[in-house]
Amino acid sequence: MKLKYELIKKDKQTSARLGRLTTDHGSCETPIFMPVGTQASVKTLNPEELVAAGSSIVLANTYHLWLRPGEDVIEAAGGLHKFMNYSGPILTDSGGFQVFSLADTRKITEEGVTFKSHLDGSNLFLTPEKSIEIQSKLGSDIVMSFDECPAYPNTYDYIKDSALRTLRWAERGKKIKLKSHQNLFGIVQGGEFEDLRKMSALETVKIGFDGYAIGGTSVGEGKDVMYKMVEYATKYLPEDKPRYLMGVGDPLDFFEGIKRGIDMFDCVLPTRIARHGNAFTRSGKLNIRNLKYKLDFNPLEEKCDCYACQNFSKAYIRHLIIAKEVLGGRLLSIHNIRFLTKLMEDIRLSLKEDRFLEFEQEFLKQYKGK
RNA sequence: GCGGUUAUGGUGAAGUGGUUAACACGCUAGAUUGUGGCUCUAGUAUUCGUGGGUUCGAUUCCCACUAGUCGCC
């Protein structure tokens, strides 16, 4: 069965949307946050904990699984779902971003990208066809097109060439056969340039995909620029398909993205900052290593229903993080994922009740972001 | 009791007769956005056991004291 996106409701004051996404492995309401499990594992958590933390769709990464253990191993296991014992929806990123983040030794040509493995330095060659073939073997529910994620800032001419190349790559990738339950998303590029975002969006839609992502964001461009990039693109995306803002996971960015019509977000932030001792709370981010929590025997957040808050104190989690015990990072990861999934639940509820902007105001009053 | 030896921040320790006393750990704070990396960044001794002396100048040289340590009786 192909992916189904139902647009349940449109916000009257903003471009926010309430929707439902249905795959062969289950459905979820949008807007939604998707935790990242790069190597077929959301770091430190097992699938049960992930689901208990409110997650209903996760990411995995083509580049990482291609190198290790290899897509054939996962195919032999019966696909990613069976391999990692997770039965919910999975989205796989194409590896385009890794090409960007491991940029030291890469060379981009029309055919594809040559770069070095971060594991053993061996030379690798990834093409749009190869990326989709790997994802086909992985068996994820949502497959991402192989794009180029250009660095920021960049010249207009480069971004234009790059966006056009990404379009050609998208067409090539689309020709690769996927499994019947799989769906392919295209990625809009175009940097900070309005006309290029428009061109990229319109042309990507012309090729035709099951959903559309906005790429090339959260690469150091600054918030205002990012919001603009989103705006420039979502205008030209069809209403009846989901929109996914790649790599964005700051609570404040959720509001800004949703306001502009975004349905899906993914980010490593909740799990990465967790392992470094930080927690999201309704009043802002908290660094559990801070001295002031040494004798604080209250939970991270009083009203939080997550496993960490229901069972442990800040003082204990602080001790675990300082002592470098893995349980500390686990508990903070559980909490942070729950924080973001709960925030999305609250946002969806506010959309249902026609008070999205009011809820945003309420949230911002308490939340001290940067 | 005698002789030797050492004495630098929270810890382990470098070092020099003369501008801001290495480095590591710890501690304190910050960062982190389609995860290579429990990672990265910054701050953290107005002062070198105590008291004298030599010197233009001493944490560095000398003396005494105190404390630790080793050996001998």
Side-chain angles (χ1 to χ4, degrees), chain A residues 33-44 58-68 91-105 115-121 124 131 135 140 142-150 152 166 185-189 213-223 225-227 229-230 244-254 256-257 262 264-280 285-294 318 320-330 332-333 336 340 369-370:
Chain A
F33 170 70
M34 310 180 282
V36 178
T38 307
Q39 312 201 63
S41 155
V42 174
K43 292 188 193 301
T44 76
V58 300
L59 251 76
N61 190 274
T62 299
Y63 165 79
H64 290 280
L65 296 175
W66 173 41
L67 294 198
R68 188 169 58 189
L91 182 153
T92 41
D93 190 18
S94 63
F97 186 79
Q98 280 60 47
V99 169
F100 156 78
S101 63
L102 303 166
D104 310 348
T105 51
F115 58 118
K116 285 197 189 301
S117 160
H118 74 283
L119 294 177
D120 60 8
L124 302 171
S131 171
Q135 294 182 76
S140 51
I142 298 174
V143 167
M144 296 306 298
S145 194
F146 185 70
D147 66 331
E148 180 188 346
C149 181
Y152 179 90
T166 286
F185 276 30
I187 303 176
V188 177
Q189 289 290 348
I214 295 166
T217 61
S218 57
V219 288
E221 72 275 16
K223 302 264 186 195
V225 174
M226 179 173 84
Y227 302 150
M229 289 175 175
V230 173
Y244 161 31
L245 179 54
M246 305 184 82
V248 170
D250 184 274
L252 301 179
D253 295 340
F254 283 175
E256 296 299 332
I262 297 295
M264 305 160 72
F265 299 84
D266 82 282
C267 195
V268 303
L269 206 55
T271 46
R272 176 181 288 166
I273 67 172
R275 282 174 279 118
H276 296 165
N278 292 77
F280 286 124
K285 219 170 59 182
L286 151 174
N287 186 341
I288 197 68
R289 292 183 326 228
N290 287 177
L291 190 56
K292 60 186 169 188
Y293 302 121
K294 188 174 185 175
R318 175 177 193 268
L320 293 177
I321 288 291
I322 288 175
K324 296 180 169 40
E325 283 291 341
V326 290
L327 181 59
R330 260 164 61 74
L332 289 175
S333 292
N336 285 345
L340 295 183
K370 333 168 273 226

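Quick note on labels: first sequence line is chain A, next is B, and so on, each numbered from 1.
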A:Thr92 side chain to A:Asn61 backbone, donor-acceptor under 3.5 Å: no
Residue A:Asp266, side-chain heavy atoms: nucleotide from B:U35, B:G34, B:U33 that is nearest: B:G34
Euclidean distance for C1', B:U39 against B:U20 (whole angstrom): 30 Å
Spacing of A:Ile288 atom CD1 relative to B:A29 atom P, expressed in whole Å: 11 Å
Check: A:Tyr63 ring centre within less than 6.0 Å of A:Phe146 ring centre: no
Note, A:Phe280 side chain near A:Leu269 side chain (heavy atom, < 4.5 Å): yes
Sugar-phosphate, base or nothing in reach of A:Gly216, heavy atoms under 4.0 Å: base
A:Asp250, nearest nucleotide to its side chain (from B:U33, B:U28, B:U35): B:U33
Value in whole Å for how far the P atom of B:U39 lies from CD1 of A:Ile321: 12 Å
C1' atoms of B:A22 and B:A45, separation to the nearest Å: 13 Å
Short side-chain N/O contact from A:Lys43 to OP1 or OP2 of B:U39, under 4.0 Å: no
Between B:G43 and B:C48 - P atom distance, rounded Å: 23 Å
The single option from A:Val248, A:Val225, A:Val188, A:Leu245 passing side-chain contact (heavy atoms from CB on, under 4.5 Å) against A:Val230: A:Leu245
Separation between the C1' atoms of B:G12 and B:A7, rounded to whole Å: 15 Å
From CA spacing to verdict: side chain to side chain contact (heavy atoms under 4.5 Å, CB included), A:Val99, A:Glu148: CA-CA 8 Å; A:Val99 169; A:Glu148 180 188 346; over 6 Å; no
Presence of A:Asn61 side-chain N/O under 4.0 Å of B:U35 phosphate oxygens OP1/OP2: yes
RNA chain B base-pair string [pairs: Watson-Crick or G-U under 3.5 Å; |: paired with another strand]: ((((((((.[[[..)..(....]]]((((((.......))))))....[[[[[..)....]]]]]))))))).
Nucleotide nearest A:Arg289 when distance is taken to its side chain, options B:G34, B:U28, B:A29: B:A29
Nucleotide of B:U35, B:A31, B:U33 approaching A:Val248 most closely (side-chain heavy atoms): B:U33
Touch class at under 4.0 angstrom, heavy-atom based, for A:Ile322 against every strand present: sugar-phosphate
Polar pair under 3.5 Å, donor/acceptor by atom type, side chain A:Lys285, base B:U32: no
A:Asn290 side-chain N/O to B:A29 phosphate OP1/OP2 under 4.0 Å: yes
A:His276 ring over B:U39 six-membered base ring, under 5.5 Å and 30°: yes
Side chain A:Gln39, main chain A:His64, donor-acceptor under 3.5 Å: no
Listed nucleotide nearest any side-chain atom of A:Leu291, set B:U35, B:U28, B:U33: B:U28
Value in whole Å for how far the C1' atom of B:G34 lies from CE of A:Met34: 9 Å
Sugar-phosphate, base or nothing in reach of A:Gly249, heavy atoms under 4.0 Å: base
Sugar-phosphate only, base, or nothing, as touched by A:Val326 at under 4.0 Å among non-hydrogen atoms: base
side-chain N/O A:Arg275 vs B:A31 OP1/OP2, d < 4.0 Å: no
A:Asp250 side chain vs A:Leu252 backbone, donor-acceptor pair below 3.5 Å: yes
A:Ser333 (side chain) donor-acceptor with A:Arg275 (main chain) under 3.5 angstrom: no
Touch class at under 4.0 angstrom, heavy-atom based, for A:Gln189 against every strand present: base
Under 4.0 angstrom between A:Gln98 side-chain N/O and B:G34 OP1 or OP2: no
Gap in Å between the two P atoms, one belonging to B:U16 and one to B:C72, rounded: 33 Å
B:A42 versus B:A24 - spacing of their P atoms, nearest Å: 11 Å
Sugar-phosphate only, base, or nothing, as touched by A:Asn278 at under 4.0 Å among non-hydrogen atoms: base
Between B:U39 (P) and A:His118 (NE2): distance, integer Å: 16 Å
Below 4.0 Å: OP1/OP2 of B:U33 and any side-chain N or O of A:Arg272: yes
A:Ser94 side chain to A:Ser145 backbone, donor-acceptor under 3.5 Å: yes
Flag, side chain of A:Thr62 to backbone of A:Asp93, donor-acceptor distance under 3.5 Å: yes
Rounded distance in Å between the P positions of B:G71 and B:G10: 31 Å
Sugar-phosphate only, base, or nothing, as touched by A:Leu59 at under 4.0 Å among non-hydrogen atoms: sugar-phosphate
Same-atom distance (P) from B:G49 to B:U11, integer angstrom: 14 Å
Under 4.0 angstrom between A:Ser117 side-chain N/O and B:G36 OP1 or OP2: no
d(CG, A:Asn287; P, B:A31) in whole Å: 8 Å
Whole angstrom value for the distance that separates C1' of B:C38 from NZ of A:Lys324: 7 Å
Atom-to-atom span, CD of A:Gln39 to C1' of B:G36 - whole angstrom: 8 Å
Nearest-Å distance for atom pair CG/P, residues A:Asn336 and B:U32: 14 Å
